[in-house]
Amino acid sequence: MACWLLKSEPDEFSLTDLERLGQARWDGVRNYQARNFLRAMASDELFFFHHSSCAEPGIAGIGRIVGAAFADPTALDPESPYHAPKASAEDNPWTARQVAFVEAFPRVLTLPRLRQLPALADFALLRKGNRLSVMPVSPAEWTAIVAAARG
DNA sequence: GCCAACGTTGGC
DNA sequence: GCCAACGTTGGC
């Protein structure tokens with residue numbers, strides 16, 4: 001099983017929102033590398049839910065991928081902030097996933113705390129200038145983060 | 001195909 | 001609000 005990290009601005013959609021809903025559609029990804037990672041996910045794989053562009057950026061908890069990848073309907077919706085004018089029903093390059101709530105950490109694992117973990121020396125999230133909103137997490141990174149979150 | 005301009009992301 | 005990083009766009 002691969003594991004992942006997905007970023008969201010909590011003002012838009014937070015882990016608390018996902019917990020309340022139980023499941024939600026993860027959509028609006030408009031970067032090809034991030035989209036390719038979305039497509040590479042298998043059903044039931046787990047991901048870290050990362051809060052970005054907020055007062056306390058960091059990993060808030062864990063979610064799970066539900067079912068298969070599908071075309072992102074927000075790309076076709078002129079009313080959506082994620083509307084992609086070049087996309088059509090016949091040719092929609094953008095991908096969405098259904099996701100489920102799994103776990104909220106007792107407190108957000110902030111970027112400064114993540115930087116303290118030796119296992120995360122090469123973690124993509126912590127690299128300067130990183131803007132990718134969907135990225136893979138290695139098993140060693142996953143284990144270290146979960147241990148820090150619960151410890 | 002190059003590359004400057006521009007827009008977006010996201011931490012601080 | 002600032003600014004570094006980086007993806008995208010569009011002229012040539």
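These numbers come from a predicted model, not from an experiment. Chain identifiers are assigned alphabetically (A, B, ...) following the order of the sequence lines, protein sequences preceding nucleic acid strands; residue numbering begins at 1 within each chain.
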Study note, to complete from the structure: In numerical order, the residues of residues 115-130 of chain A whose heavy atoms come under 4.0 Å of DNA chain B are A/Arg115, A/Asn130
Between side-chain atoms of residues 18-27 of chain A and protein atoms elsewhere (two or more places apart, or another chain), which donor-acceptor pairs fall under 3.5 Å?
| unit_1 | atom_1 | unit_2 | atom_2 | d |
| --- | --- | --- | --- | --- |
| A/Arg20 | NH1 | A/Asp17 | OD1 | 3.1 |
| A/Gln23 | OE1 | A/Gln98 | NE2 | 3.1 |
| A/Arg25 | NE | A/Asp27 | OD2 | 2.8 |
| A/Arg25 | NH2 | A/Asp27 | OD2 | 3.1 |

Please list each protein N or O that sits under 3.5 Å from an N or O in nucleotides 9-11 of chain C, with the distance.
none

**Study point:** Residue pairs, two or more places apart or on separate chains, that pass ring-ring contact (aromatic ring centres under 6.0 Å, His included) and touch residues 102-122 of chain A
**Key:** none
Check your understanding: Within the structure shown, what part of the strands sits under 4.0 Å from A/His51 by heavy-atom distance: base, sugar-phosphate, or nothing?
Key -> nothing
Practice item. Without swapping roles, check the side chain of A/Glu45 against the backbone of A/Ala42 for a donor-acceptor pair under 3.5 Å. Key: yes
Give every donor-acceptor pair under 3.5 Å between a side-chain atom in residues 136-150 of chain A and any protein atom, sequence neighbours left out.
| unit_1 | atom_1 | unit_2 | atom_2 | d |
| --- | --- | --- | --- | --- |
| A/Ser138 | OG | A/Glu141 | N | 3.1 |
| A/Ser138 | OG | A/Glu141 | OE1 | 3.3 |
| A/Glu141 | OE1 | A/Ser138 | N | 2.9 |
| A/Thr143 | OG1 | A/Pro139 | O | 2.9 |
| A/Arg150 | NE | A/Glu103 | OE2 | 3.2 |
| A/Arg150 | NH2 | A/Glu103 | OE1 | 2.6 |
| A/Arg150 | NH2 | A/Glu103 | OE2 | 3.2 |

Name each donor-acceptor pair under 3.5 Å that joins a side chain in residues 125-132 of chain A to protein atoms two or more places apart or in another chain, with its distance.
| unit_1 | atom_1 | unit_2 | atom_2 | d |
| --- | --- | --- | --- | --- |
| A/Arg127 | NH1 | A/Asp122 | O | 2.9 |
| A/Asn130 | OD1 | A/Leu132 | N | 3.3 |

Check your understanding: Taking only residues two or more places apart in sequence, or in another chain, which ones meet A/Ser80 in a side chain to side chain contact (heavy atoms under 4.5 Å, CB included)?
Key -> A/Thr74, A/Asp77, A/Tyr82
Point to revise | Spacing of A/Leu132 atom CG relative to C/dT8 atom P, expressed in whole Å | key: 11 Å
Exercise for review: Using the test ring pair (Phe, Tyr, Trp, His ring centres under 6.0 Å), find all partners of A/His51 that sit at least two apart in sequence or belong to another chain.
Suggested key: A/Phe49
Check your understanding: For A/Arg64, which residues count as a salt bridge (charged side-chain N to carboxylate O under 4.0 Å, His left out) partner, sequence neighbours excluded?
Key -> A/Asp44
Review point. In residues 53-60 of chain A, what residues come within less than 4.0 Å of DNA chain B, judged by heavy atoms?
Key: A/Ser53, A/Pro57
Practice item. Quick one: list whatever passes side-chain hydrogen bond (donor to acceptor under 3.5 Å, both in side chains) with A/Ser8, sequence neighbours left out. Key: none
Exercise for review: Measure the distance from CZ on A/Arg131 to P on B/dT8 and round it to the nearest whole Å.
Suggested key: 10 Å
Which atom pairs, one a donor and one an acceptor, fall under 3.5 Å between side chains of residues 84-92 of chain A and the rest of the protein, sequence neighbours left out?
| unit_1 | atom_1 | unit_2 | atom_2 | d |
| --- | --- | --- | --- | --- |
| A/Ser88 | OG | A/Glu90 | OE1 | 3.4 |
| A/Ser88 | OG | A/Asp91 | N | 3.0 |
| A/Asn92 | OD1 | A/Trp94 | N | 3.0 |
| A/Asn92 | ND2 | A/Asp72 | O | 3.0 |

